[in-house]
Amino acid sequence: MTEQIVVEFKETPTVWHKIIPMFLAIGVIIADQITKLLVITNIPLYTVKASFFGDFLRIVHVRNLGAAFSMGATFSQTMRAVALLIVPLIVLIIVIGIYFRNNDFSGFQRWMICGVIGGGFGNLIDRFFRPAGVVDFIDVKFYGLFGFERFPTFNVADSFITVCGILLVISFLHAMKNEGAKK
């Protein structure tokens, strides 16, 4: 009985394999800030500018002092600064450090991580430079699911954080499943 040994060689990513996806992060930040500036300059606060597909999708102008679903909006100013400025900034710096030190992420995972990084910095810019809160403007009807008639209003940065974050988790689970199948 002979045993077959299979040796896999994984190509170590070059610096460019790590830098090029960072352009997605930069693009997300730019798109997020441009759309927020357009909302600020063209839509009065707490008003609806346009509705699409009946009232399924609306473009509005609201501000959010908290994080997702306005969590933390009622914190004291000091607590908000720690929880919504300092901690996320530290987390993003750590994620960037891991991103550049790790050679095991797939190309897809690198792009998704950069989408999350871009979204994170997009919202942090608002938290640092817009004392009235993060600018949110995409308002979607939710038909009473989970008790929401409308989904909490969000922005471009939130969209990238959510979509890229979900795809990243799926890719990690898929990679773990493949690793388990190999063993």
Side-chain angles (χ1 to χ4, degrees), residues 17-40 43 52 56-75 79-102 104-142 145-148 150-176:
H17 285 107
K18 295 177 180 183
I19 290 177
I20 289 175
M22 285 303 242
F23 286 104
L24 174 61
I26 294 165
V28 170
I29 294 167
I30 292 169
D32 180 61
Q33 291 302 307
I34 287 172
T35 55
K36 289 172 178 175
L37 184 61
L38 288 169
V39 167
I40 290 168
I43 305 172
F52 303 94
F56 175 73
L57 172 66
R58 299 187 310 192
I59 305 300
V60 301
H61 180 183
V62 297
R63 299 295 180 103
N64 181 1
L65 287 172
F69 305 103
S70 296
M71 289 187 288
T74 59
F75 289 173
M79 188 63 179
R80 261 198 332 267
V82 171
L84 301 175
L85 291 172
I86 296 168
V87 171
L89 181 60
I90 291 169
V91 168
L92 283 169
I93 290 168
I94 290 169
V95 168
I96 291 169
I98 291 169
Y99 172 86
F100 279 105
R101 296 182 119 222
N102 187 310
D104 294 330
F105 295 133
S106 70
F108 179 79
Q109 290 168 339
R110 290 192 180 286
W111 285 95
M112 295 304 101
I113 292 167
C114 287
V116 171
I117 290 169
F121 276 112
N123 281 336
L124 268 182
I125 289 169
D126 280 23
R127 290 196 184 112
F128 275 101
F129 299 107
R130 292 192 173 106
V134 174
V135 177
D136 288 330
F137 58 91
I138 303 169
D139 180 53
V140 179
K141 190 166 191 158
F142 213 53
L145 294 172
F146 306 111
F148 295 113
R150 303 200 69 81
F151 193 77
T153 309
F154 58 98
N155 57 45
V156 171
D158 297 333
S159 299
F160 273 88
I161 292 168
T162 302
V163 172
C164 292
I166 289 169
L167 292 173
L168 184 61
V169 168
I170 291 169
S171 75
F172 284 145
L173 293 173
H174 182 69
M176 287 171 40

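- The aromatic rings of Phe105 and Phe172 sit tilted, their planes meeting at an angle between 30° and 60°.
- The ring pair (Phe, Tyr, Trp, His ring centres under 6.0 Å) analysis of residues 111-134, with sequence neighbours excluded, yields no pairs.
- Here Arg110 contributes atom CZ and Phe100 contributes atom CZ; the two are 8.5 Å apart, rounded to the nearest 0.5 Å.
- Residues Lys18 and Asn102 form no side-chain contact, since every pair of their non-hydrogen atoms from C-beta on lies 4.5 Å or further apart.
- Considering Ile166, Leu167, Ile117, Val169 in turn, Leu167 is the only one that fulfils the side-chain contact (heavy atoms from CB on, under 4.5 Å) rule with Met112.
- Between Phe137 and Val156 the shortest side-chain heavy-atom distance falls below 4.5 Å.
- No side-chain heavy atom of Thr35 sits under 4.5 Å from any side-chain heavy atom of Val39.
- With rounding to the nearest 0.5 Å, the separation of CG in Leu57 from NZ in Lys141 is 12.5 Å.
- Using a 4.5 Å heavy-atom cutoff, the side chains of Val134 and Arg127 are in contact.
- With Ile161 as reference, Asn123 is the one residue of Val28, Asn123, Asn155 to meet the side-chain contact (heavy atoms from CB on, under 4.5 Å) rule.
- Remark: His17 pairs with Glu11, Pro13, Thr14 by the side chain to side chain contact (heavy atoms under 4.5 Å, CB included) rule, at least two apart or across chains.
- For the pair Phe56/Val140, a side-chain contact is recorded, criterion being any heavy-atom separation below 4.5 Å from C-beta on.
- Using a 4.5 Å cut-off on side-chain heavy atoms (C-beta onward), Val95 and Val116 make no contact.
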